[in-house]
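These notes are about the structure you will find just below.
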Amino acid sequence: MPWPSRKRDKGAVADKKEPDAKIAKTEEETSDKEEEKSSKPPAGSSKSGWKNWKKKESESGGEESKITYCHWLLKSEPESRLEKGVDVKFSVDDLKAQPNQTTCWDGVRNYQARNFLRSMKLGQQAFFYHSNCKEPGIVALVKIVKEAYPDHTQFDQKDPHYDSTSRKENPKWSMVDVQFVRMTKRFIPLSEIKAHHLAHKANGGPLKDMMLFSRQRLSIQPLTQEEFDFVLSLEEEKPR
DNA sequence: GCCAACGTTGGC
DNA sequence: GCCAACGTTGGC
């Protein structure tokens, strides 16, 4: 059976040493300029949360457009779907079944998403999101266990994400390795996140600019600390 | 399965 | 560089 491929396994193994990540420094034209990097490695964990959300806009001293991202949301399809004859299904259960519960996040073929991938730092946490399925939403927490390095599937003609225009000397696409951390205490549906987003947009709140809604098709999205904390705090609430 | 959103491609 | 055609994503 075809392996999941959207982002999947195959070589993952976190501590395998790769010659290193030689990210091409190409600077492909990117379609955006956002991305900012964080810098503090350990993503903390959260808890508390959103009590400080209000300050975000006012603080940041003088430049508020300098948002720092240190958390992520990774979309993956939990239901089977063929892409060039290969099943791209990769659910959180598939992730948990990997050696070390770790996988390489390959197959990303969008420049903006790739750039975010390249700015990910070791130890940062991300939400594992199920998309294109009956119940879209967040199911688990994962963390970055290996920073960006060339995505080998771009050179594999049999891979659905093969890119004939990419050269080994200067790979266009990158991937990171991510490891399962834990399931969220409950499934956090998109509908619920969206309801909060709409409310925050109207009245202010941490989710008012969440990329899930402004860049709906991006498969790799950054979250601010406030967004991450707020969303995570939802796991403590009763499902509505 | 439909279709809106939106990224990419390519003619000019 | 503009923009229409086209392809993909992903909610519903």
Side-chain angles (χ1 to χ4, degrees), chain A residues 2-8 24 26-35 69 72-95 103-119 126-140 142 151 153-167 170-176 178 184 186-202 207-223 227 231 234 239-240:
Chain A
W3 248 206
S5 117
R6 211 275 187 19
K7 53 279 0 351
R8 65 109 174 355
T26 33
E27 211 52 71
E28 213 77 45
E29 48 303 22
T30 78
S31 33
D32 67 299
K33 72 295 279 39
E34 41 215 337
E35 92 180 329
Y69 297 113
W72 311 93
L73 180 146
L74 308 179
K75 296 182 182 177
S76 189
E77 302 186 36
E79 297 173 5
S80 287
R81 183 173 66 81
L82 296 187
E83 204 171 300
K84 297 186 178 157
V86 179
D87 194 349
V88 297
K89 164 187 186 298
F90 192 72
S91 67
V92 70
D93 287 333
D94 293 320
L95 171 62
T103 189
C104 58
W105 209 263
D106 64 1
V108 172
R109 297 293 182 270
N110 167 284
Y111 287 119
Q112 192 176 9
R114 181 205 65 180
N115 293 342
F116 283 136
L117 219 41
R118 290 181 177 179
S119 68
F127 287 125
F128 190 97
Y129 176 94
H130 278 173
S131 71
N132 204 11
C133 58
K134 244 91 320 157
E135 291 201 289
I138 293 167
V139 295
V142 299
D151 176 347
T153 66
Q154 67 196 300
F155 306 118
D156 178 0
Q157 289 195 245
K158 288 167 311 257
D159 191 279
H161 304 293
Y162 171 65
D163 182 352
S164 64
T165 69
S166 183
R167 329 265 236 63
N170 191 10
K172 275 189 184 170
W173 309 109
S174 301
M175 64 185 180
V176 296
V178 308
T184 45
R186 69 179 177 91
F187 171 68
I188 303 174
L190 171 65
S191 59
E192 195 176 320
I193 301 170
K194 188 180 199 169
H196 285 291
H197 163 68
L198 291 174
H200 291 182
K201 210 150 67 117
L207 302 193
K208 79 177 154 50
D209 297 320
M210 198 176 179
M211 276 205 203
L212 243 199
F213 309 100
S214 57
R215 284 274 153 61
Q216 69 179 209
R217 293 178 46 180
L218 243 203
S219 64
I220 307 248
Q221 314 199 349
L223 281 83
E227 289 167 342
V231 172
L234 297 177
R240 28 185 303 107

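Residue numbers begin at 1 in each chain, while the letters A, B, ... track the order of the sequences. Computed from heavy atoms alone, side chains included, the values below leave out hydrogens, waters and symmetry copies.
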Along DNA chain B (nearest heavy atom to each residue), the more 5'-positioned of A:Ser214 and A:Asn132 = A:Asn132
5′-ward residue of the pair A:Arg109/A:Gln216 relative to DNA chain B = A:Gln216
Just checking, is any N or O donor in the side chain of A:Arg109 or A:Ser166 under 3.5 Å from an acceptor N or O on the other one?
-> no
Strictly by modelled atom types, are A:Ser91 and A:Asp94 linked by a side-chain donor-acceptor pair under 3.5 Å?
-> yes
So A:Trp105 and A:Phe128, would you call those rings parallel, tilted or perpendicular, with 30° and 60° as cut-offs?
-> perpendicular
According to the interplanar angle, ranging from 0 to 90°, do the rings of A:Trp72 and A:Phe116 count as parallel (below 30°), tilted (30 to 60°) or perpendicular (above 60°)?
-> tilted
A:Glu135: side chain to side chain donor-acceptor pair (under 3.5 Å) partners, not counting sequence neighbours = none
Answer yes or no: does a side-chain N or O of A:Lys75 lie under 4.0 Å from OP1 or OP2 of C:dG10?
-> yes
With a 4.0 Å cut-off on heavy atoms, is [X] in touch with a base, just the backbone sugar-phosphate, or nothing at all?
| X | result |
| --- | --- |
| A:Ser191 | nothing |
| A:Tyr129 | sugar-phosphate |
| A:Lys134 | nothing |

Under the side chain to side chain contact (heavy atoms under 4.5 Å, CB included) criterion, do A:Leu207 and A:Val231 qualify, and how do the steps go?
-> CA-CA 8 Å; A:Leu207 302 193; A:Val231 172; 3.9 Å; yes
Rounded to the nearest Å, what distance is computed from the CG atom of residue A:Leu73 to the P atom of nucleotide C:dG11?
-> 10 Å
Under 3.5 Å, N/O pairs linking protein and nucleotides 3-7 of chain C:
unit_1, atom_1, unit_2, atom_2, d
C:dG7, N2, A:Arg217, NH1, 3.0
C:dG7, N2, A:Arg217, NH2, 3.2

